[in-house]
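Beneath this line is the structure, given in structure tokens, with notes to follow.
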Amino acid sequence: MAVNHNDFILNDGGLLPFVGLGTIGINGDQGTFEILNALNTGYRLIDTSTNYDNEGIVGEAVRRSALPREDILISTKLPGSYHEYDRAFIFIQESLRRMGLKYFDKYLIHWPNPKDGKYVEAWKALVDAQKQGLIRTIGVSNFEPEHLDNIIAETGVTPATNQVERHPYFNNNRMVEENKKRGVLTEAWSPFGRGYLNDVLQNATIKEIADQYDKTPAQIILNWNYQAGVLTIPKSSNPMHQKDNIDSTNFELASEDMKTIDSLDKGEAGRVEGQDPNEYHEYV
Ligand SMILES: NC(=O)C1=CN([C@@H]2O[C@H](COP(=O)(O)OP(=O)(O)OC[C@H]3O[C@@H](n4cnc5c(N)ncnc54)[C@H](OP(=O)(O)O)[C@@H]3O)[C@@H](O)[C@H]2O)C=CC1
Ligand SMILES: O=C(O)C(=O)[C@@H](O)[C@H](O)C(=O)CO
């Protein structure tokens, strides 16, 4: 795979592009075309999960794409009710079969489900699946510092990435720093606050900055992440938005503009409702 100047280097030596395609709501045969369009537009990383009901079409898009398999990075996630070691290990194999793939480029524990307290077992399964060649890069999602420290202490293996909520109204700089301290790359989920749930993309301050740079609000938000060392996975079904999003690092935001965007943070009130990882329980 070609190395791009804006790739992130992982603690396992792997590389990830600065932006991937989020896929919540990309479903069915139409979804296959949307993913293929993204691949044709230059996306290399596709983020999915069993509970997005689209692992099948993601696999289909990989097969239909003219790109060689090794030029596409597929990342999916282990659901909360499969944290026991044996269930996790078998689930990874099942997920591979469902997608028709021989290996995953990246595989994450979706939520720590701390009340169950089995995420260390799940991590051990990911470590072993990686050893057996089923997964190239292993990581986590929605992990708090305590969860990161527990899996590292129990296995000696540090996750390469931690995918957490981050957008201008909940910048989660706390977790960006905690991840960085441990050599873990932060991936930002819902970088536009999910679009429909709040007005991040319509925010007047972000629009003003966008006008100054002759960019779109989406491009400003994605570059604010990139310059903070954070990978983003915006979802888009729209070819124009997909293009907008991948063309978002060809300019530099001044440090005062970075700080202005940081200042839009609303703390806990800015989170997408009900997504505190210490409380959230994934039942799937
Ligand atoms: N690990 C986890 O627990 C979680 C992971 N995720 C991952 O993160 C991804 C992204 O988050 P998601 O919640 O989907 O929401 P996003 O914050 O990515 O927002 C998606 C919305 O923004 C719109 N949009 C995208 N690009 C543009 C643009 N350039 N201009 C204007 N509007 C735009 C989309 O519309 P349109 O399609 O029309 O472009 C859609 O309505 C998910 O799809 C999933 O892969 C999400 C939640 C939790
Ligand atoms: O979309 C995801 O990746 C999730 O983890 C979901 O839990 C999502 O965040 C949600 O809110 C489901 O109600």
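In each ligand, atom 1 is the first atom listed, and ligand 1 is the first ligand listed.
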ask   = Cation over ring, K124 on Y85, under 6.0 Å and within 45°?
value = no
remark   = For atom 12 (C) of ligand 2, the closest protein heavy atom turns out to be Y280 OH, 3.6 Å
task = May I ask you to check whether K77 has an N/O atom sitting below 3.5 Å from an N/O atom of ligand 2?
result = no
task = Provide the number and element of each atom of ligand 1 under 4.0 Å from a heavy atom of P234.
result = 18 (O)
key: Any Q163 side-chain heavy atom under 4.5 Å of K77 side chain   = yes
request  = For the residue pair S236 and Q242, confirm or rule out a side-chain donor-acceptor distance under 3.5 Å.
outcome  = no
Side-chain donor-acceptor pair present, N173, R166, cut-off under 3.5 Å = yes
inquiry  = Side chain, backbone, both or neither: which applies to S141 and ligand 1 if a contact is any heavy-atom pair less than 4.0 Å apart?
reply    = side chain
task = Give the contacting part of S49 toward ligand 1: side chain, backbone, both or neither, where contact means a heavy-atom distance below 4.0 Å.
result = neither
message = Please tell me whether N171 and W224 have a donor and an acceptor in their side chains that are separated by less than 3.5 angstrom.
response = no
message = Please confirm whether E187 approaches ligand 1 to less than 4.0 Å, judged on its heavy atoms.
response = no
note = Residue, atom and distance of the protein heavy atom nearest atom 1 (O) of ligand 2 read I24 CD1, 3.0 Å
note = Of T232, N245, T23, T216, the residue with the heavy atom nearest atom 26 (N) of ligand 1 is N245
inquiry  = How far is atom 14 (O) of ligand 1 from the closest protein heavy atom, and which atom is that?
reply    = K235 CB, 3.2 Å
inquiry  = Can you report which non-hydrogen protein atom sits closest to atom 45 (O) of ligand 1, along with the distance?
reply    = D47 OD2, 2.7 Å
message = For the residue pair E208 / Q212, report whether a side-chain donor-acceptor contact shorter than 3.5 Å exists.
response = no
message = Within the 4.0 Å heavy-atom shell around G193, which atoms of ligand 1 are there?
response = 17 (O)
query = In terms of residue, atom name and distance, what is the protein heavy atom nearest to atom 12 (P) of ligand 1?
reply = S190 OG, 3.6 Å
query = Which bit of E273 is near ligand 2, meaning a heavy atom under 4.0 Å away: side chain, backbone, both or neither?
reply = neither
message = Students should be able to answer this: which protein heavy-atom is nearest to atom 9 (C) of ligand 1, and at what distance?
response = I233 O, 3.1 Å
Protein heavy atom at shortest distance from atom 8 (C) of ligand 2 = R194 NH2, 3.4 Å
note = shortest atom 48 (C) of ligand 1-to-protein heavy-atom contact is with W189 CD2, 3.1 Å
ask   = Relative to ligand 1, is H167 under 4.0 angstrom through side chain, backbone, both or neither, heavy atoms considered?
value = neither
Spacing of CD1 belonging to I135 relative to OG belonging to S75, to within rounding of 0.5 Å = 10.0 Å
query = Which of the numbered atoms in ligand 1 are below 4.0 angstrom from a heavy atom of L201?
reply = 31 (C), 32 (N), 33 (C)
ask   = So, K259 and D262, do they make that salt bridge, N to O below 4.0 Å?
value = no
remark   = Quick look: N142 vs ligand 1, heavy-atom contacts under 4.0 Å, and the answer is side chain
request  = Give the residue, atom name and distance (to 0.1 Å) of the protein heavy atom nearest atom 22 (O) of ligand 1.
outcome  = F192 CD1, 3.7 Å
task = Below 4.0 angstrom from a heavy atom of S237, which ligand 1 atoms are there? Numbered from 1 as shown, please.
result = 36 (P), 37 (O), 39 (O)
query = Short list, please: which atoms of ligand 1 are under 4.0 Å from a heavy atom of W111?
reply = 3 (O)
ask   = How many angstroms lie between atom CD of E60 and atom CE of M99, to the nearest 0.5 angstrom?
value = 11.5 Å
inquiry  = Ignoring hydrogens and geometry beyond distance, is a side-chain donor-acceptor pair present between E146 and N278 at under 3.5 Å?
reply    = no
query = Cut-off 3.5 Å, side chains only: do N142 and W189 have a donor facing an acceptor?
reply = yes
ask   = Distance under 6.0 Å and angle within 45° of the ring axis: does R64 meet both against F33?
value = yes
ask   = Is it true that the side chains of E55 and T48 contain a donor and an acceptor less than 3.5 Å apart?
value = no
ask   = Starting from atom 4 (C) of ligand 2, which protein heavy atom do you reach first, and at what distance in Å?
value = H110 NE2, 3.5 Å
request  = Would you kindly specify which portion of A218 sits under 4.0 Å from ligand 1, judged on non-hydrogen atoms: side chain, backbone, both or neither?
outcome  = side chain
key: N142 and ligand 2 - part of the residue with a heavy-atom distance under 4.0 Å   = neither
note = The closest protein heavy-atom partner of atom 10 (C) of ligand 2 is Q275 NE2, 3.7 Å
inquiry  = Can you see whether Y43 engages N37 through a side-chain donor-acceptor pair at a distance of less than 3.5 angstrom?
reply    = no
inquiry  = Can a side-chain donor-acceptor contact be found between N179 and N162 if the only test is distance below 3.5 angstrom?
reply    = yes
query = Judged by modelled atom types alone, do H110 and S49 share a side-chain donor-acceptor pair under 3.5 Å?
reply = yes
message = What protein heavy atom lies closest to atom 3 (O) of ligand 2? Include the residue and the distance to one decimal.
response = Y52 OH, 2.5 Å
key: Which residue and heavy atom of the protein sit nearest atom 46 (C) of ligand 1, plus the separation   = I24 CD1, 3.5 Å
Closest approach of any protein heavy atom to atom 33 (C) of ligand 1, naming residue and atom = H241 ND1, 3.5 Å
message = I'd like to know if the side chain of S248 pairs up with that of N223 as donor and acceptor (distance under 3.5 Å, no hydrogens or angles considered).
response = no
